[in-house]
Amino acid sequence: GAVVSQHPSRVICKSGTSVKIECRSLDFQATTMFWYRQFPKQSLMLMATSNEGSKATYEQGVEKDKFLINHASLTLSTLTVTSAHPEDSSFYICSVARQGNGNQPQHFGDGTRLSIL
Amino acid sequence: EDKVVQSPLSLVVHEGDTVTLNCSYEVTNFRSLLWYKQEKKAPTFLFMLTSSGIEKKSGRLSSILDKKELFSILNITATQTGDSAIYLCAVAGYPQGAQKLVFGQGTRLTINP
């Protein structure tokens, strides 16, 4: 069965709207979750690492004020795209990895396709 | 800068053929190399490789890692149309804790009936 649940799967909205995407770990508690972005015909690019109970760690070039991450519980992380514009249109995917010795595969949610008009 | 390069970028074969997908990498503090299959939605996990020379196998799929040459291959034998997908190679380069993955560009595999 699914390890990660991501919601919503599709969003279409007007420019200037803020959009919240949820990522839930179903099988285990996750102190760390990851957010990726994938543009058409390109690979996944890590945006940020979401840490439960503390601030997210953003990759270089990713605006933290634009992409707000909240990891309020051990099973839920949210990504909010604030004041979205057409250039933010992309496929956003979260992932979780079971904690342990660090060598656990990441499991991905089904992704959210965001279209900003 | 950590880097993962996959080849070929695109491959079209007939059902029943065998294919080999390649992945080379440069990463500091190597932890593991992972293969994922991506169809219409998010990637699904195939293999995780940490040691050189040990083949991992799952049905018609197999994969092996060469840490000296910084290279991995993914083999698919007796391909079926359901194998059509983008195959992603990713490397985890964090020294400890939860992994940060660096992905290659992917190989788009098309299996024609």
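Every chain is numbered from 1 and lettered A, B, ... according to where its sequence line falls, protein lines coming before strand lines.
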If you compare all heavy atoms of [X] against all heavy atoms of [Y], which two are closest, and at what distance to 0.1 Å?
| X | Y | result |
| --- | --- | --- |
| A/S43 | B/Q105 | CB-CA, 3.8 Å |
| B/K41 | A/F91 | O-CE2, 3.9 Å |
| B/A42 | A/F108 | CB-CB, 3.9 Å |

Acceptor/donor pairs from residues 82-91 of chain B side chains to any protein atom, 3.5 angstrom cut, sequence neighbours excluded:
| from | atom 1 | to | atom 2 | distance (Å) |
| --- | --- | --- | --- | --- |
| B/D83 | OD1 | B/R60 | NH2 | 3.0 |
| B/D83 | OD2 | B/R60 | NH1 | 2.8 |
| B/D83 | OD2 | B/R60 | NH2 | 3.3 |
| B/D83 | OD2 | B/Q80 | N | 2.8 |
| B/S84 | OG | B/T81 | O | 3.1 |
| B/S84 | OG | B/I111 | N | 2.8 |
| B/Y87 | OH | B/D83 | O | 2.6 |

Chain B contact via A/Q38 - side chain, backbone, both or neither, heavy atoms under 4.5 Å: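 Only the side chain of A/Q38 comes within 4.5 Å of chain B.
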Which atoms of A/L44 approach chain B - backbone, side chain, both or neither, heavy atom under 4.5 Å: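 For A/L44, the contact with chain B is made by backbone and side chain together.
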If hydrophobic clusters are built from ILVMFWY residues whose side chains come within less than 4.5 Å, do [X] and [Y] share one?
| X | Y | value |
| --- | --- | --- |
| A/M45 | A/Y92 | no |
| B/L11 | B/L46 | yes |
| A/V62 | A/I116 | yes |
| B/L33 | B/L61 | yes |

Separation between OH of A/Y36 and CG of B/L101, rounded to the nearest 0.5 Å: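 One finds 4.0 Å between OH of A/Y36 and CG of B/L101.
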By salt bridge (charged side-chain N to carboxylate O under 4.0 Å, His left out) - contacts of A/K66 (at least two apart):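 Applying salt bridge (charged side-chain N to carboxylate O under 4.0 Å, His left out) to A/K66 gives A/D88.
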Interface moiety of B/Y36 toward chain A, non-hydrogen atoms closer than 4.5 Å: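 Side chain only.
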Structural part of B/Q38 lying under 4.5 Å from a heavy atom of chain A: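 Contact with chain A involves the side chain of B/Q38 alone.
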